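Along the sequence shown, the residues carry numbers beginning at 1. Small disclaimer: the values here were computed from a predicted structure and weren't measured. Values reported hereafter were calculated over all heavy atoms of this structure, with side chains retained and with hydrogens, waters and symmetry mates removed.
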Amino acid sequence: MLTLVVIHGPDKGRRFELPGNVPQLIGRSSEALPISDTTVSRRHAELTPDRGTWWIRDLDSHNGTLVNGARIEERRRLSEGDQIRVGETVFRVGDRLAREHADAVRLMLPHEMDASVQRTLESSEDSMILPSEDPSAAAREHLRLIYRLTSLTTQITDRLKLLESVMDLAFSELRPERGFIMLKDDDAEGTLRPLVVRHRTAPGRGEDPRIQVSRTILQHCVRRGEGLLTSNAMADPRFSGAPGGAGGGDSIQRFHIRSALCSPIRFKDRTFGAVYLDSSAAAGTFTPAHLALLNAIALHTGLALAHLESYQQRLHTERLAAMGETMATLSHSIKNIMQGMRGGADVVEMGLKKDDLKIAKGGWTILRRNIDRIGRLTLNMLTYSKQRMLEIELTPLGAVIEDCAMLLEGQCKQRRIGMMLDLDQEMPPLHIDPHLMHQAILNLVTNAVEAVVDGTGIVTIRTTYRQPDAGAPGLGPSTEILVMDNGQGISADRLQWIFEPFNSSKGSRGTGLGLAVTKRIVEEHGGRITVESEPGKGTTFRIYLPNDPNKAFDPAATTETGPIVDDLLRKL
């Protein structure tokens, strides 16, 4: 049997136990594993058993399948502890936690354990009131406990860490010898599995390391939602009828009888599981006040688990909404470009039918312009979403800018737009990624060309090398790149979100990705970008890049880019 545990993604915490003789599909199809991740392909990857060994292969999925962070190109053997990434979901092969704790707790049948209930307490808000002869002392104790519980529920977002912290709190407040927290599985039977098991003192050699607990008591606690104070004793003939006195049956019985607390972990009408603590009678017995305290801990634990589930569901919903927003925006942009391409193709076809080369050339100009638009959109999408390291080279910046200007030369001539280059010829080469920097500058120059008016528009690109005393604050030796135009300018309200993805002032002609990509590329190079604009007078973009020729840039120190959806979620 293969066990997969979801450790990251919309279904975090779920477990899948796969039969050892049946291949399994990962994806969104009906026969695949029931995961809710919409970023996986319909048929993403296949898991195949082969004489006790499991193999995985990618099924030509859109985003690929990664094992331990490396994309697989052919069938890959799986080992215990491997991590499989498909879409936004990461599986861990093997359930280390279940393997470690599977035999840590033994549920005893009635004939194996004699359990007597001394006190029951309903798990509700009333159980939060801790009984005490001194009301003021009880209030202080209550406040202290609530403060610690609240800190746990609001600061920890990982379920296992939360449960471990709850057990730490229970041990510090109640000082038991042993304890565990069991939660229900997501299966139809609702099987209880231990997730946290704790011993104050590790079992010695020859001692049974398992925690024996009455199955009847545990089921009563979970099904009825009541906290129980019990005494447990192994059903052993030695415990009955043995003579008293030193070393007799009484001392044996005192040693083997354990005082136990068991409280349900609940939220409203739902029971997640239970928390159990016990100690030998020789170490001291629990009291009803201890039961009320454990009920309070379990009640807040249930609230925290419900909060975590709600948080994950909300995050998943927001992720889907962000994906929908992304797809709608990109689809709209692509639709506009395709309409332009269709219009250009129709004009070309008309010219060919009339054998009129002038008409065909006009249609080809429209077609080529839209091909350039969809090419820039695709390149920006890849740059913004793809995780990659900078490929730093010592590059003359002037050559990069001249190439960008040359690409737009035809459009400038057609629209009678002036393009002026004022490049610092004494500037030393820069440690940059030439391909990414070319894309960033081309985005700015393209925007400037599209912003100016035909016949009177002027676009100026200027570079300046600044020494440390004259450079931008905090950047040391730096290079300044200015892209200026005399277009209509940008209003003050739009300047606030001009670098945000999918926000464009061009209407149907823009995608809103160009400036976001440019900003990211500049920041990955350790620089910054600013914008100045005045309606009716034009816009100036300034890029500051560090330029110390004696110090090579370290691409490993940059922040890797993340997916578009993740970046959007951070803004929700």
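Not counting sequence neighbours, His220 has no partner by the ring-ring contact (aromatic ring centres under 6.0 Å, His included) test. Under the salt bridge (Lys or Arg N to Asp or Glu O under 4.0 Å) criterion, Asp11 pairs with no residue at all, not counting sequence neighbours. In terms of the side chain to side chain contact (heavy atoms under 4.5 Å, CB included) criterion, Asp60 has no residue partners (sequence neighbours excluded). The side chain to side chain contact (heavy atoms under 4.5 Å, CB included) search around Ser310 returns Arg314, not counting sequence neighbours. Listed by chain and residue number, nothing satisfies the salt bridge (Lys or Arg N to Asp or Glu O under 4.0 Å) test with Arg215 (two or more places apart in sequence, or in another chain). For Asp168, the salt bridge (Lys or Arg N to Asp or Glu O under 4.0 Å) partners two or more places apart in sequence, or in a different chain, are Arg198. Every residue meeting the side-chain hydrogen bond (donor to acceptor under 3.5 Å, both in side chains) condition with Thr65, not counting sequence neighbours, appears here in chain and number order: Asp58. By the side-chain hydrogen bond (donor to acceptor under 3.5 Å, both in side chains) test, Thr48 is found to be paired with no residue, residues two or more places apart in sequence or in another chain being considered. Applying the side chain to side chain contact (heavy atoms under 4.5 Å, CB included) rule to Ser79 yields the partners Asp82; only residues at least two apart in sequence or on another chain are considered. With sequence neighbours excluded, no residue satisfies ring-ring contact (aromatic ring centres under 6.0 Å, His included) with Phe91.
Within the 4.5 Å cutoff, the side chain of Leu59 has no heavy atoms near those of the Ser41 side chain.
Taking CD1 of Ile498 as the start and NZ of Lys519 as the end, the distance is 12.0 Å to the nearest 0.5 Å.
Screening residues 20-46 for salt bridge (charged side-chain N to carboxylate O under 4.0 Å, His left out) gives Glu31-Arg43, Glu46-Arg57 as the qualifying pairs, with residues at least two apart or on separate chains.
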